[in-house]
Amino acid sequence: MRVLLIHSDYIEYEVKDKALKNPELISDEMKKGRMDEVLVAFISVEKVDEKNPNEIVDKAVEEIVNVAKQVKAENLFVYPFAHLSSELAKPSVALEVLKKIEEKLKEKGYNVGRAPFGYYKAFKISCKGHPLAELSRTIVPEAAKEE
Ligand SMILES: Nc1ncnc2c1ncn2[C@@H]1O[C@H](CO)[C@@H](NC(=O)[C@@H](N)CO)[C@H]1O
């Protein structure tokens, strides 16, 4: 999994078109969204993550929470982003992983938003620009490390 973390004044998105034949079913209210004072996690779920999706979810949650504590962010935003890797997991696995990350972050007490999966989206983001405002993480299942 590849994660790009941007500590932002805000992020806003607008769904434009389907990018998959069967994108996530969404309500009209999910077609646009905005979150302020937010740590945004752009996430590419990778093929190697299919070896142990649950482990990847837990590791990603741990990494995101670590950064959230450092930058004192209480609002988190999970953004499906298929552009951080050339070896993507299949959409069915990726969506489940992203939903579980959202769920577990909420269980830890954060306000969590998530952009719809499987769409082309316009988005605007305002990076805060401090030294920890732009970070990236590569997360790999233990099983893959032994190969
Ligand atoms: N392995 C994966 N990890 C994360 N997101 C993934 C994915 N496979 C599919 N998606 C979602 O489907 C859209 C088309 O690839 C993706 N759309 C995007 O990445 C938008 N930024 C528009 O390009 C994304 O919503």
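Residue numbers run from 1 in the order of the sequence given. Nothing here was measured: the structure is a model prediction, and the numbers come from that model.
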How far apart are the closest heavy atoms of Ala73 and Leu39, and which atoms are they? CB-CB, 3.9 Å

Is any NZ, NE, NH1 or NH2 atom of the basic residue among Lys128 and Glu37 found under 4.0 Å from an Asp or Glu carboxylate oxygen of the other? yes

Quick one: are Lys121 and Glu14 in side-chain contact, heavy atoms under 4.5 Å? no

Separation between OG1 of Thr138 and CD of Glu46, rounded to the nearest 0.5 Å: 7.0 Å

Do Lys100 side-chain atoms and Asn54 backbone N/O form a donor-acceptor pair below 3.5 Å? no

How many angstroms lie between atom CD1 of Ile6 and atom OG of Ser126, to the nearest 0.5 angstrom? 11.0 Å

Do Pro141 and Ile56 have side chains that get closer than 4.5 Å, going by heavy atoms? yes

With a 4.0 Å cut-off on N to O distance, would you call Asp36 and Arg34 a salt bridge? yes

Scan the side chains in residues 58-66 for donor-acceptor partners under 3.5 Å anywhere in the protein, sequence neighbours excluded, and list what turns up.
unit_1 : atom_1 : unit_2 : atom_2 : d
Asp58  : OD1    : Lys104 : NZ     : 3.1
Lys59  : NZ     : Glu55  : OE2    : 3.2
Lys59  : NZ     : Val140 : O      : 3.0
Lys59  : NZ     : Glu142 : OE2    : 2.7
Glu63  : OE1    : Arg137 : NE     : 3.0
Asn66  : ND2    : Glu62  : O      : 3.3

Tell me whether Lys32 is salt-bridged to Glu12, with the criterion being a basic N under 4.0 Å from an acidic carboxylate O. no

From CA spacing to verdict: side chain to side chain contact (heavy atoms under 4.5 Å, CB included), Ile125, Val40: CA-CA 9 Å; Ile125 190 167; Val40 181; 3.9 Å; yes

Is Glu107 reaching over with its side chain to a backbone N or O of Glu102, donor-acceptor style, under 3.5 angstrom? no

Closest heavy-atom contact between Phe77 and Ala115? CZ-N, 3.6 Å

Could you see if Val78 belongs to whatever hydrophobic cluster contains Tyr119? Use Ile, Leu, Val, Met, Phe, Trp, Tyr and a side-chain cutoff under 4.5 Å. no

Looking at every non-hydrogen atom in both residues, tell me the closest pair between Leu76 and Val38 and how far apart they are. C-CG2, 3.9 Å

Quick check: does any side chain N or O of Asn75 sit under 3.5 Å from a backbone N or O of Met35, one acting as donor and the other as acceptor? no

Could you walk me through whether Leu98 and Ile43 satisfy the side chain to side chain contact (heavy atoms under 4.5 Å, CB included) test, starting with their C-alpha distance in whole Å, then the side-chain angles of each, then the deciding distance to 0.1 Å, before giving a yes or no? CA-CA 8 Å; Leu98 293 164; Ile43 299 177; 3.7 Å; yes

Determine, step by step, whether Ile101 and Lys99 satisfy the side chain to side chain contact (heavy atoms under 4.5 Å, CB included) criterion, reporting the C-alpha distance in whole Å, the side-chain angles of both residues, the deciding distance to 0.1 Å, and the verdict. CA-CA 5 Å; Ile101 290 171; Lys99 281 181 171 179; over 6 Å; no

Side chains of Glu134 and Cys127: does their closest heavy-atom pair fall under 4.5 Å? yes

Within 6.0 angstrom of Glu74 CD, more than 12 heavy atoms from elsewhere: no

If you compare all heavy atoms of Met30 against all heavy atoms of Tyr13, which two are closest, and at what distance to 0.1 Å? O-OH, 2.8 Å

Could you check whether Lys31 pairs with Glu29 (Lys NZ or Arg NE/NH1/NH2 to Asp/Glu carboxylate O, under 4.0 Å)? no

hydrophobic_cluster_shared for Ile11 and Val3, side chain cutoff 4.5 Å: no

Looking at CG of Leu135 and CG of Leu5, how far apart are the two atoms once the value is rounded to the nearest 0.5 Å? 6.0 Å

Taking all non-hydrogen atoms of both residues into account, name the closest pair between Leu20 and Phe117 and its distance. CD1-CE2, 3.7 Å

Are Arg114 and Glu24 within salt-bridge range, i.e. N to O under 4.0 Å? yes

Decide yes or no on side chain to side chain contact (heavy atoms under 4.5 Å, CB included) for Val67 and His7, but give the supporting numbers first. CA-CA 9 Å; Val67 174; His7 191 202; over 6 Å; no

What heavy-atom pair brings Arg2 and Ser85 nearest, and what distance separates the two atoms? CG-CB, 4.1 Å

In terms of hydrophobic clustering (I, L, V, M, F, W, Y; side-chain heavy atoms under 4.5 Å; direct or indirect links), are Tyr10 and Val15 co-clustered? no

Looking only at the aromatic ring of each residue, does the gap between the centers of Phe81 and Phe42 stay below 6.0 angstrom? yes

